[in-house]
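Protein chains get the first letters and strands the later ones, always in sequence-line order, with residue 1 at the start of each.
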Number of protein chains: 2
Amino acid sequence: MGFSKRQLFNASQNQVASFTKVLGHPARIAMIQHISENKDCNCNALVEKTGLSQPTISQHLGEIRKIGLLKQKVKGKNLFYSIDLDQLNECRRVVNDFFVKTQVNCNK
Amino acid sequence: MGFSKRQLFNASQNQVASFTKVLGHPARIAMIQHISENKDCNCNALVEKTGLSQPTISQHLGEIRKIGLLKQKVKGKNLFYSIDLDQLNECRRVVNDFFVKTQVNCNK
DNA sequence: TTTTATCATTGTGATATTGCAATATCACGT
DNA sequence: ACGTGATATTGCAATATCACAATGATAAAA
């Protein structure tokens, strides 16, 4: 095989997993942090910060974008990235919800 | 390539990523939920609940165990799993910390 | 218009993950 | 000892992920 059998699980479970899956790589964690710390952060800044190549960074940006965490703004030939705070909160809520429910269930 | 360059990132970033990576699969989310909901949950119960095969479940259990989220208790020939609440809280704290810091940085 | 800078996309190789069948292990009951 | 049930391990095939070189696309600058 090699693929995950998503159809076996419900929407909520798949949602938690798809958020956490994107966070499950240190490069993406570092990138999200760096974008949040720097107002005008472009692709090159992330390349320099992480030591990864430009295509690799671009690919990771694509993953982060897929779950809606990324906003971007063109300024000249630059593309400046920022975090979508609403979606970050949504993501946080979904993940935290999972933790809370799990914890509550354990204490029954 | 195909491997992730962990040495490029700091311990904290790698820790967040290693926790979320394990949560980044719907089967593992479903399994953790089911274990938390059922006091006496063994491997077979998870097989029936998820529709995945016994070896696959066993493998996912191994991943969950690796990050310390799993406790197990032998009862006859059964192995009953439960969630390690302390580690669940640690995991929650680490992940939430990431969200909070990111959010705070965005608002500067 | 040509060059340069920035970023995305494509193609490719290496490695990791997912899933299962087959098998091994281990404890219990007979 | 033997069979049974529960779980882990092994081996394998299919797919996904990670990383980068090469290339493409676009817009400012020369």
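If you take CG of D40(A) and P of dC7(C), they are 12 Å apart, rounded to a whole angstrom. Straight-line distance from the CD atom of E48(B) to the P atom of dA6(D): 9 Å, rounded to whole Å. Taking atom CG on N78(B) and atom C1' on dA27(C), their separation rounds to 10 Å, with Å as the unit. Rounded to whole angstrom, the span from the CZ atom of R65(A) across to the P atom of dC7(C) amounts to 11 Å. Taking atom CG of N44(B) as the reference point, atom C1' of dG5(D) lies 9 Å away to the nearest angstrom. Rounded to an integer number of Å, the gap from CG of N42(A) to C1' of dA8(C) is 14 Å. Atom CG of L79(B) and atom P of dT25(C) are 17 Å apart (whole Å). Between L70(B) atom CG and dT7(D) atom P there is a gap of 12 Å when expressed in whole angstrom units.
The 5' end of DNA chain D is approached more closely, in terms of each residue's nearest nucleotide, by P55(B) than by the other of P55(B) and F3(B). Across the interface with DNA chain C, nearest-nucleotide mapping of G24(B) and S58(A) shows S58(A) to be the residue nearer the 5′ end.
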### Message
Please determine whether side chain to side chain contact (heavy atoms under 4.5 Å, CB included) holds for the pair V74(A) and L79(A), giving the CA-CA distance in whole Å, both sets of side-chain angles, and the decisive distance to 0.1 Å.
### Response
CA-CA 5 Å; V74(A) 183; L79(A) 238 179; 4.3 Å; yes

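If you check every strand for non-hydrogen atoms under 4.0 Å, I57(B) touches nothing. Within 4.0 Å of K21(B), counting heavy atoms only, lie sugar-phosphate atoms of the nucleic acid but no base atom. Using a 4.0 Å heavy-atom criterion, one finds that Y81(B) contacts the sugar-phosphate atoms exclusively. Using a 4.0 Å heavy-atom criterion, one finds that R6(A) contacts no nucleic acid atom at all.
The base of dA6(D) is not paired with the side chain of Q54(B) by any donor and acceptor separated by under 3.5 Å. Counting atom types as modelled, Q59(A) pairs no side-chain N or O with a base atom of dA8(C) as donor and acceptor under 3.5 Å.
F80(A) and L61(A) sit in two unconnected hydrophobic clusters of ILVMFWY residues. Membership requires side-chain heavy atoms under 4.5 Å apart, directly or through other members.
Of the possible polar contacts, none joining the N96(A) side chain to the N96(B) backbone as a donor-acceptor pair under 3.5 Å is found. Although no hydrogens or angles enter the test, the distance criterion places no donor-acceptor pair under 3.5 Å between the side chain of S58(B) and the main chain of Q54(B).
Closest to the side chain of L61(B), from the set dA8(D), dC20(D), dG19(C), is dA8(D). Between dT7(D), dT9(C), dG19(C), one nucleotide has an atom nearer to the side chain of T56(B) than all others, and that is dG19(C).
Classification of the H25(A)-H60(A) ring pair by plane angle, with boundaries at 30° and 60°, yields tilted.
For the OP1/OP2 pair of dC20(D) and a distance below 4.0 Å, the side-chain nitrogens and oxygens of K5(B) include at least one atom meeting the criterion. Of the side-chain N and O atoms in H25(B), none sit less than 4.0 angstrom from OP1 or OP2 of dA16(C). Within the structure, a side-chain polar atom (N or O) of H60(B) is placed less than 4.0 Å from OP1 or OP2 of dG19(C).
Rounding to the nearest 0.5 angstrom, the gap separating the NE2 atom in H34(B) from the CD1 atom in I83(B) is 11.5 Å.
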